[in-house]
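Order of listing sets the numbers, starting from 1, for every ligand and every atom in it. Just so you know, these numbers use all the heavy atoms, side chains as well, and skip hydrogens, waters and symmetry mates. Fair warning: this is a prediction, and the values are worked out from it, not measured in the lab.
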Amino acid sequence: MGNTSWVRGGPVDSPFALPTGLLGHLAGLFMLLTNRQAELLPCLGIRPGEQVLEVGYGPGGLLRLLGRTPAARVCGVDPSPEMRSQATRRAKEADLRVGTAEDTGFPGESFDCVVAVNNVALWPDLDAGLRELRRVTRPGGRVVIAWHGGASPSLIARHLLLSEDELDRIRRALEETFDEVERKELKSLTVFRARVIAHGDGPGVPRASG
Ligand SMILES: C[S@@+](CC[C@H](N)C(=O)[O-])C[C@H]1O[C@@H](n2cnc3c(N)ncnc32)[C@H](O)[C@@H]1O
């Protein structure tokens with residue numbers, strides 16, 4: 001089954017975009033080996049007792065690392081039941097659900113930190129995804145969106161890089177929805193970090209009149 005992407009403006013027919021069946025299973029194992037994500041942890045800055053959501057967790061490489069942070073609770077959503085079953089083996093304590101960036105299914109203001117790695121370009125609707133991530137982020141919380149790139153992307157990742165126009169589109173959409181957006185280049189990831197200063201007071205939420 002294909003995945004509709006706002007970058008492509010149509011379906012992406014790849015076992016990496018929405019892993020299913022045997023090919024999806026193998027794609028998950030491949031991603032686990034090749035997508036190294038430890039460098040992202042300092043950007044997340046997880047503090048003791050925090051609630052964390054990973055969107056598009058895939059085979060669970062980052063979830064495994066999140067389980068070693070002082071987070072009180074790690075949750076995740078991914079539309080692929082195959083990825084849920086792989087990730088569950090790597091993150092037994094995590095609350096992993098089938099869901100999407102556009103519809104996580106969690107109550108509003110549930111998380112201190114929301115992170116999405118290597119899936120923002122696969123979402124069908126960038127703005128709808130970011131609005132949902134903001135909805136589930138608590139005031140004072142942060143959202144981290146990362147995609148293949150950085151200072152020294154792997155040979156494989158070089159085929160997956162987003163154009164500067166596409167990265168600008170992500171930055172502008174984040175600025176419309178969150179506060180204090182910054183971009184960083186890690187070794188193999190381009191990362192956007194944004195904050196929610198206070199609900200009802202940010203650029204993405206209209207102020208109450210009167
Ligand atoms: C390329 S894999 C990346 C997996 C993992 N984050 C990593 O970096 O290894 C993309 C993942 O995004 C998931 N995905 C696809 N569409 C999504 C959406 N609309 N919302 C959230 N996740 C999505 C796929 O099921 C897949 O597990």
Check which hydrophobic residues are tied to Leu155 through side-chain heavy-atom contacts below 4.5 Å, counting indirect links as well, and list them.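 Besides Leu155, the hydrophobic cluster comprises nothing; the residue is isolated.
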State plainly whether the residues Lys187 and Glu185 are in salt-bridge range, i.e. N to O under 4.0 Å.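 No, Lys187 and Glu185 are not salt-bridged.
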Strictly below 4.0 Å, N to O, side chains only: are Asp78 and Arg84 in salt-bridge contact?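 No, Asp78 and Arg84 are not salt-bridged.
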Residues forming a salt bridge (charged side-chain N to carboxylate O under 4.0 Å, His left out) with Arg36, sequence neighbours excluded: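 Residues passing salt bridge (charged side-chain N to carboxylate O under 4.0 Å, His left out) with Arg36: none at all.
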List for me each residue that meets salt bridge (charged side-chain N to carboxylate O under 4.0 Å, His left out) alongside Arg172, sequence neighbours excluded, and say none if there are none.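 Arg172: no salt bridge (charged side-chain N to carboxylate O under 4.0 Å, His left out) contacts found.
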Pair Ser188, Glu39: side-chain N/O donor-acceptor within cut-off below 3.5 Å: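 Indeed, the side chains of Ser188 and Glu39 share at least one donor-acceptor pair under 3.5 Å.
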Between ligand 1 and the protein, which N/O pairs fall short of 3.5 Å?
unit_1: ligand 1; atom_1: 6 (N); unit_2: Gly56; atom_2: O; d: 2.8
unit_1: ligand 1; atom_1: 6 (N); unit_2: Val117; atom_2: O; d: 2.8
unit_1: ligand 1; atom_1: 8 (O); unit_2: Asn35; atom_2: ND2; d: 3.4
unit_1: ligand 1; atom_1: 8 (O); unit_2: Gln37; atom_2: NE2; d: 2.6
unit_1: ligand 1; atom_1: 8 (O); unit_2: Asn118; atom_2: ND2; d: 3.0
unit_1: ligand 1; atom_1: 9 (O); unit_2: Asn35; atom_2: ND2; d: 2.9
unit_1: ligand 1; atom_1: 16 (N); unit_2: Asn3; atom_2: ND2; d: 3.2
unit_1: ligand 1; atom_1: 19 (N); unit_2: Glu102; atom_2: OE2; d: 3.0
unit_1: ligand 1; atom_1: 20 (N); unit_2: Ala101; atom_2: N; d: 3.0
unit_1: ligand 1; atom_1: 25 (O); unit_2: Asp78; atom_2: OD1; d: 2.6
unit_1: ligand 1; atom_1: 27 (O); unit_2: Asp78; atom_2: OD1; d: 3.4
unit_1: ligand 1; atom_1: 27 (O); unit_2: Asp78; atom_2: OD2; d: 2.7

